[in-house]
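Worksheet for the structure shown next.
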Amino acid sequence: MFKKILIANRGEIAVRVIRACRELGVLSVAVYSDVDRASLHVRKADEAYHIGKANATESYLNIEKIVDTATRCGAEAIHPGYGFLSENAKFAQACADAGIKFIGPSPASIDLMGSKTRARREMQRAGIPLVPGTSAGVESYEQAQQTARQIGYPVMLKAAAGGGGKGMRLVHSPEELKPALESAQSEAGGAFGDCEVYLEKAIINPRHIEMQILADEHGNVVYLGERECSLQRRHQKVLEEAPSPIVGAEMRKKMGDVAVRVATAAGYSNAGTIEFLVDENKNFYFLEMNTRLQVEHPVTELITGLDLVHLQIRIASREKLPFQQEEIRIRGHAIECRIYAEDPDNNFFPSPGKITLLLSPSGPGIRRDSGMYEGWTVPLEYDPLLAKLIGYGADRQQAVGRLLRALNEYFVGGIKTNISLFLRILSDPDFQAGKLDTGFLDRLLARETPVSADGNSEIAAIAAGIFAVLDSAPNSSQVSTGTLSPSSNGMAPSTWKKAGRTEALR
Amino acid sequence: MNYEVRIDDKLFHLELDRSEGQWHCKLNGTAINIDAVLTRTNVLSILLEGKAYEIKRELTINGLHLWVGSSHYSAEVRDPRSLRHRKDGTAGNKGPQMLTAAMPGKVVRVLLQEGAQVEAGQGILVVEAMKMQNEIKSPKAGRIQKIMVATSDAVNAGDLVAIVE
């Protein structure tokens with residue numbers, strides 16, 4: 001086992017990995033950019049080092065700086081988290097060259113799966129079912145036009161180096177192709193430094209179901225069951241659950257066997273995810289393999305009782321998988337909500353800023369993996385994921401009930417979040433019936449937002465008045481209620497008023 | 001204390017007094033028996049005839065917001081004795097429209113030139129923040145009078161980026 005691990009990431013996932021290190025008795029090292037000095041991962045780690053400017057290319061994407069930091073502080077391994085350098089073969093190679101263990105697959109496996117086009121060619125050879133499309137990048141608009149005509153509209157443009165919906169566009173008709181191609185290439189170039197995109201036949205409103213695998217460095221591969229990830233907006237996952245409402249034992253075994261074949265064909269080791277598109281008839285097609293820990297890994301952890309980060313670290317230190325396929329049992333149901341700093345009432349615009357009030361849920365069946373705290377300013381430079389709220393229950397219905405309860409307890413003030421969206425999703429009859437596909441969320445959002453006619457405007461009016469009275473006499477209010485000490489939290493009411501006035505003058 | 005309180009589009013007249021920790025409350029002339037405790041800054045617990053409510057308060061650039069449980073209410077509190085008049089924030093779609101950035105970010109593309117004709121809902125420029133690209137769209141059909149920013153400029157929330165006339 002390693003003695004010290006550097007975590008080349010930030011936010012909730014860095015905190016998640018730091019916690020695993022602490023549980024295993026391993027020292028953790030955080031790295032941070034100019035704007036992350038006060039971030040939670042820096043507070044939680046055993047050691048922390050500054051690595052550069054706010055712009056990720058000069059900090060969290062700076063391979064040389066991160067490897068150098070790891071060497072200097074004596075870290076024996078690097079956990080890349082997800083995003084940033086997690087699927088960068090050059091980074092994995094740079095770690096190996098410096099004698100540092102990269103907690104993940106080999107550079108060769110990352111390379112293979114990192115190019116979606118090359119992965120398609122290899123998987124075709126291995127006899128894995130694929131969505132019809134090109135297995136090479138689009139070279140020109142004219143060529144894209146021709147290919148799209150051949151496979152037939154609608155088509156999907158995807159970044160070859162992509163993930164997370166960046167550089168991805170659905171194209172319904174020839175007129176949309178040119179602008180879609182340009183913006184996909186620009187977005188892919190900005191997000192991945194590689195503007196290659198390819199074309200695939202679009203399967204309209206499929207389900208998106210993925211299979212978690214674990215492979216050790218001794219040739220053992222197991223699958224840990226599927227995750228249903230059909231709830232997406234702009235191809236970005238919003239809510240995931242395990243198991244999928246439509247996958248039974250037989251289908252799970254079929255998908256799991258294909259996933260194990262994919263991993264084996266790629267010479268894969270460590271944790272990985274094979275994504276499938278599933279059509280109405282439950283046919284499934286290989287989409288891509290994510291060669292890292294997924295954002296949504298907690299739902300798998302809850303239904304299998306396994307800790308994927310512990311296992312990642314153990315596998316990287318050359319331990320054998322401690323179980324066989326037959327020993328893996330799926331129990332209960334788990335659902336994850338990705339809490340983003342974005343405004344659901346304003347087209348999901350990102351909403352960075354200072355968190356002025358944070359009330360966090362807990363209680364039975366609730367897990368919260370968070371990277372935020374009250375008083376922290378969410379920087380605008382990075383992904384808007386703040387936290388993940390996961391509900392677990394003996395069955396799907398109980399998991400939904402617990403999550404709804406917890407979401408009602410959750411309050412993030414000062415910035416906008418998508419918490420209200422989850423209340424809508426989880427209360428939706430189709431969602432509760434498990435009728436999901438990748439078009440679900442767009443359809444839900446196209447419907448009128450239900451007006452909150454719960455008749456509490458009188459209470460709100462009274463509360464507004466009470467706040468106003470307390471503001472005008474902050475000291476006496478604290479004495480008379482006897483529950484508020486001046487040091488118990490950030491801002492005193494008078495500061496609030498001052499801030500409000502300053503803001504109003506802008 | 002007398003207040004005019006607007007909650008969403010409903011107007012209330014509220015009388016509030018407090019003596020020896022007890023609140024005396026009249027809402028639109030009707031006496032209401034309440035018990036209120038500020039449990040922490042911006043979080044109020046109200047008991048109204050046995051019913052319990054938790055109210056959270058948020059003060060933003062867009063004004064005062066209250067949350068009763070998970071339900072959101074926008075609010076405005078006015079002391080009738082004060083001489084301040086309420087601002088009329090609705091400008092309508094007539095006349096030149098000022099387009100502002102809704103949040104901080106970086107301009108990645110300017111899609112149209114000054115002087116160009118635009119349709120309502122047509123994108124004028126693209127701002128990127130938190131890895132997402134967002135189009136700033138024209139609120140009405142017309143002509144672009146001015147574009148204040150160029151590609152790779154940084155913008156702050158509320159910054160004027162373009163004018164459509």
Side-chain angles (χ1 to χ4, degrees), chain A residues 166 183 186-187 190-191 234 341-343 346-352 356-357 359 380-384 407-408 411 413-414 419-420 423 452 454 456-470 472 477-478 480-481 483-484 488-493 496-497 499-500 503-504 506, chain B residues 1 3 5-8 10 12 14-18 20-21 23 25 27 32 34 36-44 46 48 53 55-61 63-73 75-77 79 102-105 108-109 126 128-134 157-158:
Chain A
K166 302 284 176 336
S183 67
S186 146
E187 200 168 288
R234 290 185 177 180
E342 58 185 22
D343 184 357
N346 183 21
N347 203 25
F348 295 91
F349 242 63
S351 175
T356 53
L357 177 62
L359 306 177
L380 65 98
E381 283 83 0
Y382 312 111
D383 193 273
L407 286 162
N408 274 303
F411 186 80
I419 288 174
S420 61
L423 291 170
S452 60
D454 57 358
N456 279 337
S457 45
E458 284 81 6
I459 295 291
I462 293 168
I466 291 174
F467 276 123
V469 173
L470 296 178
S472 58
S477 82
Q478 283 162 18
S480 67
T481 59
T483 49
L484 183 82
S488 66
N489 39 54
M491 274 191 181
W496 256 120
K497 273 170 86 177
E503 294 288 2
R506 285 171 58 169
Chain B
M1 300 279 242
Y3 296 104
V5 183
R6 190 187 49 74
I7 298 294
D8 293 332
K10 281 187 214 161
F12 296 92
L14 183 67
E15 291 169 52
L16 271 179
D17 278 302
R18 191 172 40 145
E20 289 153 28
W23 290 93
C25 169
L27 189 68
I32 295 179
I34 55 158
V37 173
L38 189 68
T39 58
R40 54 171 296 172
T41 309
N42 294 315
V43 183
L44 197 61
I46 293 185
L48 192 151
Y53 301 89
I55 295 106
K56 277 84 70 174
R57 173 173 71 163
E58 236 189 316
L59 203 54
T60 70
I61 46 172
L64 172 65
H65 300 271
L66 293 172
W67 302 76
V68 182
S70 294
S71 304
H72 167 252
Y73 298 90
E76 203 177 328
V77 180
D79 184 343
M103 56 154 305
V108 289
R109 269 195 304 282
V126 182
E128 183 176 282
M130 297 181 119
K131 291 163 68 190
M132 291 301 292
Q133 297 195 350
N134 292 285

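Naming: A, B, ... by sequence-line order, numbering from 1 per chain.
Both the backbone and the side chain of B:L44 come within contact range of chain A, judged by heavy atoms closer than 4.5 Å. Using a 4.5 Å cut-off between heavy atoms, A:A463 touches chain B through backbone and side chain atoms alike. Within the 4.5 angstrom heavy-atom criterion, only backbone atoms of A:Y382 (N, CA, C, O) approach chain B. Contacts between B:I55 and chain A at a heavy-atom distance below 4.5 Å involve backbone atoms as well as side-chain atoms. Heavy atoms closer than 4.5 Å to chain B are found in the side chain of A:L359, but not in its backbone. With a 4.5 angstrom heavy-atom cutoff, A:D343 does not touch chain B via any of its atoms. Residue A:E342 does not touch chain B at all, counting heavy-atom pairs closer than 4.5 Å.
Under the rule for a side chain to side chain donor-acceptor pair (under 3.5 Å), the partners of A:S186 that lie at least two apart in sequence or sit in another chain are B:R109.
Between chain A and the options B:L14, B:L16, B:I7, the largest number of non-hydrogen pairs under 4.5 Å is found for B:I7. Residue with the most contacts toward chain B among A:A341, A:A460, A:A191, A:S183: A:A460 (heavy-atom pairs, distance under 4.5 Å).
Taking the six-membered ring where the residue is Trp, B:W67 and A:F411 present perpendicular rings, their angle passing 60° and hence far from 30°.
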>> Would A:L357 and B:R40 count as a side chain to side chain contact (heavy atoms under 4.5 Å, CB included) here? Give the steps.
In response: CA-CA 10 Å; A:L357 177 62; B:R40 54 171 296 172; 3.6 Å; yes
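Within the 4.5 Å cutoff, the side chain of B:E58 has no heavy atoms near those of the B:N42 side chain.
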